[in-house]
Structures are given as C-alpha cells and as structure tokens.
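Below, chain A is the first sequence line, B the second, and so on; all start at residue 1.
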Amino acid sequence: MSDAQKNPQNAPKKKNDNLSLPLRAEDFSGWYNDLVKRAKLADNSDVRGSMVIRPNGYAIWENMQKVLDGMFKDTGHQNAYFPVLIPESYLAKEKKHVADFAPQVAVVTHAGGKALPEGERYVIRPTSETIINRSFTNWVQSYRDLPILINQWANVIRWEMRPRLFLRTTEFLWQEGHTCHATEAEATEETLRMLDVYERFAEDYMAMPVIKGQKTESEKFPGAVNTYSIEAMMQDKKALQAGTSHMLGQNFAKMFDTMYQSKEGQKEYVWQTSWGVSTRLIGALIMTHSDDQGLIVPPKLAPMQCVIVIIGKTPEERGAVRAKAQALAADLKKAGIRVLVDDDETKGPGFKYAEYELRGACVRVDLGPKDLEKNQAMLKRRDVAEKETLGLDAVVARVGELLEVMQKDLFNKAKTFRDTHTFEVNTVEELKAKADDGFLLMHWDGTPETEKRIKDEFGVTTRNRPFDLKQEPGKCVLTGNPSTGRIVFAKAY
RNA sequence: CGGGGCGUAGCGCAGUCUGGUAGCGCGUCUGCCUUGGGCGCAGAAGGUCGUCGGUUCGAAUCCGGCCGCCCCGACCA
C-alpha cells in the first residue's frame with residue numbers, strides 16, 4: 001500500500017501541484033509573487049529586499065528603456081552618469097530632502113579598511129538631486145548654458161520597510177531626469193512635458209491607462225515645489241503611482257549656489273525639475289494585464305511577440321515542419337516581429353502551450369504535419385481563448401494584425417476596468433462602503449489633518465488631483481468644510 | 001516595529017496533536033515509448049527535518065532560546 005493511499009491528503013492537491021498559480025480573485029499577492037517567480041522574471045535574493053532580475057524580466061526592462069530613452073532624446077535630453085556614493089553632507093543641504101530621506105538611506109561608514117570620520121561618510125544614492133546639482137553649479141555660468149537637460153539610467157537604494165518584488169525593492173533600477181532652466185515658466189513647462197511623456201509611454205506602450213495630476217502637499221517629493229504623477233489601477237483595484245515629475249523651483253539651486261548670469265548681467269538661481277520611472281513599471285505591467293494562466297505583456301514591450309511551436313513525431317515530419325517554421329520565422333523577423341521557434345523534442349505540445357502562456361508570448365503559431373498538408377497554420381492570441389486557422393501565406397500579416405489588435409484590446413480592457421471601479425463619493429457611509437472598490441473621487445477640505453484622518457480611518461490616501469477632472473466647489477466628505485474640487489483617493493501600493 | 005502564518009529533497013507539501021529513526025506530487029537522471037492542451041511505463045539519484053540547547057532508552061514530533069522567510073499594517077517609487 002502506498003503512502004498516498006494510507007494518507008489521502010498526500011495526494012496532489014490543486015494548489016500545490018506546481019502547475020497552476022494561485023487565483024487572482026482568492027489571493028492576489030500570492031498570485032503576483034508566484035507569477036513573478038514561475039515566469040522567471042525575478043527571484044528573491046539573500047540580500048534583504050533585493051531581487052535578482054532574471055533574463056525574462058530584464059528583457060522587458062530593456063524594451064522599456066529603449067522606448068523611454070528614445071522619447072527622452074526626442075525631447076532634447078542627453079544621458080550622463082553620476083557617482084553612486086554621495087557625500088553625506090550634500091544630502092543634508094536641503095532640509096526637507098534630508099529629513100524625509102534619512103530613514104531610508106544606507107550609509108557607508110567604513111572604507112579602505114578603516115572607519116570614516118564623521119563628516120566624510122557617504123550615502124548610497126536614494127536619488128541624485130544633490131550630487132547632480134553639485135555638477136550643475138560648475139556647468140552653469142551664463143544664461144547661454146541653459147537649459148541643461150540631463151537623464152541618468154541608474155540603480156538607487158532605499159531601505160524600505162516592506163519590500164515586494166519589482167514594486168518596492170531595496171535596490172531598484174530607474175531613470176532620473178534632471179534639468180535646469182532660466183525661468184520658472186520653462187521649468188514648469190518641462191515638468192509637465194515629461195509627465196506627458198510618461199503618460200504616453202504608459203498608455204501607448206504599456207497599454208495601461210493612467211490619471212495625470214498633481215500630488216497634495218503631504219505627498220510631494222521631499223524638496224519639490226510641486227509633484228505631479230501618473231496613477232494606474234491594478235487588477236485588485238489598488239492604485240499604483242507609476243511615474244512622477246517634480247517642479248523643484250530654486251530649492252536645490254539655492255543650497256548649491258547653482259546660478260547663472262542673465263542677459264541683463266544679474267546673478268540668478270536656476271529653476272529645476274526632476275522626474276523618474278523605475279523597474280516598478282514591470283510590476284505595474286504584470287498587475288494590469290496578466291491572468292490566472294500567467295503573464296500577459298503588451299506586444300510593443302513583449303520580448304516574445306510570437307512563438308512557433310513545432311509539432312510532429314517522425315524525423316521526416318519534424319524536418320519538413322522545421323523547414324517551414326524557420327522560413328516563417330525569418331519572414332516574421334523581416335516584418336519586425338520578435339519571434340522564437342520552439343523545436344524542443346523532449347516536451348510535448350501541451351506542456352509548451354501552458355509554458356508560453358505562463359511566460360507571456362503574445363501570439364502562438366502551431367505548425368504540424370496536418371497543417372503542412374493543408375498549407376495552413378494555427379494561431380492563438382495570448383489574451384483571448386479563440387484559436388484561428390489560416391493559410392501559411394497570410395500568417396505574417398495576420399500575426400502583425402493580431403499584435404496590433406491585442407495592444408489596443410489590452411488598453412481598452414484595462415481602461416474599462418478602471419472606469420467601472422471609479423466612483424464619485426459624497427458621504428462617509430459611501431466612503432466606508434467603497435474604500436476597497438477602486439478610485440474614489442471625493443471632495444476634501446485640503447488640509448493635511450483631514451487627509452491623515454481619512455487615511456487612518458478608511459485606509460485610502462490621496463493619489464492626485466487629475467488635470468482633466470473639472471474642479472467644482474463642494475463640501476469635504478469628512479468635515480463638511482469647503483472644497484475646491486474632487487481629488488482621487490484610493491488604497492495604494 | 002505591531003498582528004498573523006511558515007521553515008522537512010531542486011520546487012510545492014504531508015508527517016508534529018498522540019515521540020520509535022522520514023514520505024507524497026512535480027522536477028532531475030537512465031532506458032523504452034510518445035508528440036494537435038501540462039504523455040505513459042520501468043528503474044535511479046537526491047534530505048545531519050532552519051539553528052542552538054533541554055527532556056527522554058529514543059525527538060521532525062515535547063519544552064526553551066535564537067535566526068530566517070512570507071502575508072496584513074506603519075514607511076515609500
């Protein structure tokens with residue numbers, strides 16, 4: 001008698017069979033964690049809160065970088081690189097900056113085999129405003145030197161209390177833009193321009209609808225005059241801040257004496273901006289589109305846009321199919337489609353179907369002996385259940401079409417989801433009832449005290465004041481005091 | 001740091017209540033077989049049961065300390 005018979009509970013159960021993911025509806029964070037690991041996007045490492053980004057995950061990041069970098073260059077920015085270590089004293093110059101960042105900063109206290117004296121320590125950059133400003137001060141003399149438009153691709157470290165793969169890791173990869181301008185108006189224009197770039201990237205490439213708007217006083221970046229963000233809704237109806245753009249005013253310029261001589265011969269402080277998105281976007285991508293079968297990546301960013309699965313048993317069959325598949329792959333590649341041919345004979349087709357669904361291949365092409373006979377192939381889009389069969393000559397064009405339609409459909413699906421989970425909320429009762437249901441458009445009296453009370457009592461925080469939400473006066477949901485317009489509240493990552 | 005859960009084979013877990021010297025599924029390896037939705041059969045390798053100490057003839061199991069991980073909150077991109 002086997003042990004499985006003696007102990008029925010030893011028989012494989014649905015949840016621990018190593019095959020299926022936890023269901024989104026039952027265990028969203030379990031689903032997310034499992035998906036990240038099973039799709040081989042990233043692993044937890046032995047370093048607290050730091051992850052190993054695996055090739056499948058890094059490929060998505062590379063595609064994001066490629067697109068974003070192009071957008072930055074198109075708007076006149078250049079890449080540069082600044083030190084990972086920042087003198088501790090720099091960070092301390094901007095009061096609000098240091099006060100807010102200090103708790104999350106890792107400090108280098110020993111180097112060269114001995115303790116560094118107080119005052120000569122370094123912090124590992126949590127963000128680079130300070131050290132970049134040090135350079136800006138050297139670079140700027142005249143109004144003719146402006147604007148300075150710099151971007152840096154880098155890693156930063158923030159000692160977060162509760163890390164989560166991609167969403168909040170101790171070390172993460174990002175880009176940070178830093179610019180200097182002669183006037184306040186130019187800096188504001190730049191801040192909003194880059195917010196638009198982020199919106200376009202999120203919506204056109206990630207297929208993720210976002211709300212563009214202004215952050216409240218208490219949610220502002222430490223040291224900024226104004227912070228703007230794009231906010232997205234994940235499938236668990238929680239909000240995720242997907243990108244931020246800051247109008248820094250002259251705060252850092254004053255601390256670092258970043259000045260220029262104007263046409264009129266006056267010494268003036270520069271006006272500055274900074275803006276960034278991070279590997280968090282990969283988490284956003286996953287939580288926006290993926291399903292219980294695994295990863296779904298919008299085609300424009302997908303490392304695997306198309307996979308051709310070869311079917312056949314005899315060497316003759318396989319040989320013929322392989323030749324066709326390779327020719328097809330070459331044509332697809334010529335059409336600009338990222339394609340992979342799977343000719344692994346050790347795994348059955350069923351296994352492969354499940355595997356490519358888990359790993360997020362956008363379109364699957366099945367090619368077997370039966371297809372060759374009829375000169376056809378079978379196509380399957382990752383995000384819909386239907387399969388279709390069509391003539392081999394039409395495959396390249398059709399795959400291209402499917403990728404385009406899929407890109408649009410993913411966006412529309414996500415937008416419909418967000419819109420059906422966005423509500424106007426006017427009373428405390430409604431607030432209580434809908435706190436977990438998505439984005440709440442509420443009147444708020446504008447005070448940090450009320451903001452905090454709402455957060456403490458209902459768990460929702462201000463996300464941003466949307467640009468395209470008409471601001472009409474009303475009464476604060478909590479206090480009844482006057483409000484200038486509705487603002488988005490939600491539970492947030 | 002507060003609340004909850006968990007550390008047993010590469011992965012997912014059972015066994016702990018009731019102490020007797022470790023098991024299931026998946027994966028891996030070998031051979032045969034199979035390939036249109038997670039193939040099948042046969043065989044094999046693989047674990048000082050997180051760690052330290054205590055109780056006991058005997059500890060994965062009971063008791064105590066420590067370490068680590070995950071989830072929910074506070075911090076945050």
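- Listed nucleotides: G36(B), U35(B), C71(B). Nearest to the side chain of R318(A): U35(B).
- Residue T170(A) is classed as having no contact, given no heavy-atom separation below 4.0 Å to the nucleic acid.
- Within the structure, a side-chain polar atom (N or O) of N33(A) is placed less than 4.0 Å from OP1 or OP2 of C71(B).
- Summarising the base pairing, G73(B) is matched to C1(B) through a Watson-Crick or G-U wobble pair whose two defining distances lie under 3.5 Å.
- C62(B) and G36(B): their P atoms are spaced 48 Å apart (whole Å).
- Computed from coordinates, the M378(A) CE to G37(B) P distance equals 9 Å when rounded to whole Å.
- Among residues two or more places apart in sequence or in another chain, the side-chain hydrogen bond (donor to acceptor under 3.5 Å, both in side chains) test is passed with W153(A) by D69(A).
- Residue G30(A) is the one, among G459(A) and G30(A), whose nearest nucleotide of RNA chain B lies closer to the 5' end (criterion: closest heavy atom).
- Among the atoms of the strands shown, none is found under 4.0 Å from any heavy atom of P103(A).
- Residues meeting the side chain to side chain contact (heavy atoms under 4.5 Å, CB included) test with N44(A), sequence neighbours left out: K37(A), L165(A).
- Among the protein residues, L167(A) comes within range of the nucleic acid bases, having at least one heavy atom under 4.0 Å from a base atom.
- Listed by first and then second residue, the side chain to side chain donor-acceptor pair (under 3.5 Å) pairs involving residues 163-173 of chain A are N155(A)-E171(A) (not counting sequence neighbours).
- The gap from the C1' atom of C32(B) to that of G5(B) amounts to 46 Å, rounded to the nearest Å.
- Comparing the P positions of G4(B) and A42(B) gives a spacing of 48 Å, expressed to the nearest Å.
- Nucleic acid contact for E357(A): base, since at least one base atom lies under 4.0 Å from a heavy atom of the residue.
- If you check every strand for non-hydrogen atoms under 4.0 Å, D371(A) touches a base.
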Distances under 3.5 Å between protein N/O atoms and the N/O atoms of nucleotides 38-41 of chain B, please, pair by pair.
unit_1	atom_1	unit_2	atom_2	d
G38(B)	O4'	G350(A)	O	3.4
G38(B)	O4'	F351(A)	N	3.4
G38(B)	O6	L19(A)	O	3.1
G38(B)	N2	E355(A)	OE1	3.1
C39(B)	OP2	F351(A)	N	3.3

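- Residue contacts for T244(A): at a heavy-atom cut-off of 4.0 Å it reaches no nucleic acid atom on any strand shown.
- For C76(B), the base has a donor-acceptor partner in the side chain of R168(A) [N/O atoms by modelled type, under 3.5 angstrom].
- In this structure, Q241(A) and L372(A) both approach RNA chain B, and ranking their closest nucleotides by distance from the 5' end singles out L372(A).
- The gap from the P atom of A14(B) to that of A9(B) amounts to 12 Å, rounded to the nearest Å.
- Listed by chain and residue number, F172(A), W174(A), R280(A) satisfy the side chain to side chain contact (heavy atoms under 4.5 Å, CB included) test with S278(A) (two or more places apart in sequence, or in another chain).
- Considering F467(A), Y198(A), F221(A) as possible partners of Y228(A), the one that fulfils the ring pair (Phe, Tyr, Trp, His ring centres under 6.0 Å) test is F467(A).
- Using a 4.0 Å cut-off between charged nitrogen and carboxylate oxygen, D436(A) and K434(A) do not count as a salt-bridge pair.
- Taking atom CG of D43(A) as the reference point, atom P of C70(B) lies 13 Å away to the nearest angstrom.
- Of the nucleotides present, A42(B) is the one that pairs with U30(B) by Watson-Crick or G-U wobble criteria, both distances under 3.5 Å.
- Aromatic ring centres of F72(A) and W275(A): separated by under 6.0 Å.
- K220(A) has no side-chain polar atom (N or O) that falls below the 4.0 Å cut-off from OP1 or OP2 of C76(B).
- Side-chain atoms of R158(A) lie closest to C76(B) of the nucleotides C76(B), G36(B), C71(B).
- Distance check on atom C1': G23(B) versus U61(B) gives 15 Å, rounded to whole Å.
- Within the nucleic acid shown, K37(A) has no heavy atom closer than 4.0 Å to any nucleic acid atom.
- Two residues are said to be in side-chain contact when any heavy atoms from C-beta on lie closer than 4.5 Å; L358(A) and L21(A) meet this criterion.
- Side-chain N/O atoms of K387(A) and base N/O atoms of G37(B) include a donor-acceptor pair closer than 3.5 Å.
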* Structure fact -> 5' to 3', nucleotides 1-10 of chain B under a 4.0 Å protein heavy-atom cut-off (B base, S sugar-phosphate only, - none) gives ----------

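- Between K220(A) and E217(A) there is a salt bridge, since at least one side-chain N of the basic residue sits less than 4.0 Å from a carboxylate O of the acidic one.
- Between G20(B) and G37(B), the distance separating the two C1' atoms is 47 Å to the nearest Å.
- Here the separation of G46(B) from C29(B), taken at their P atoms, is 16 Å to the nearest Å.
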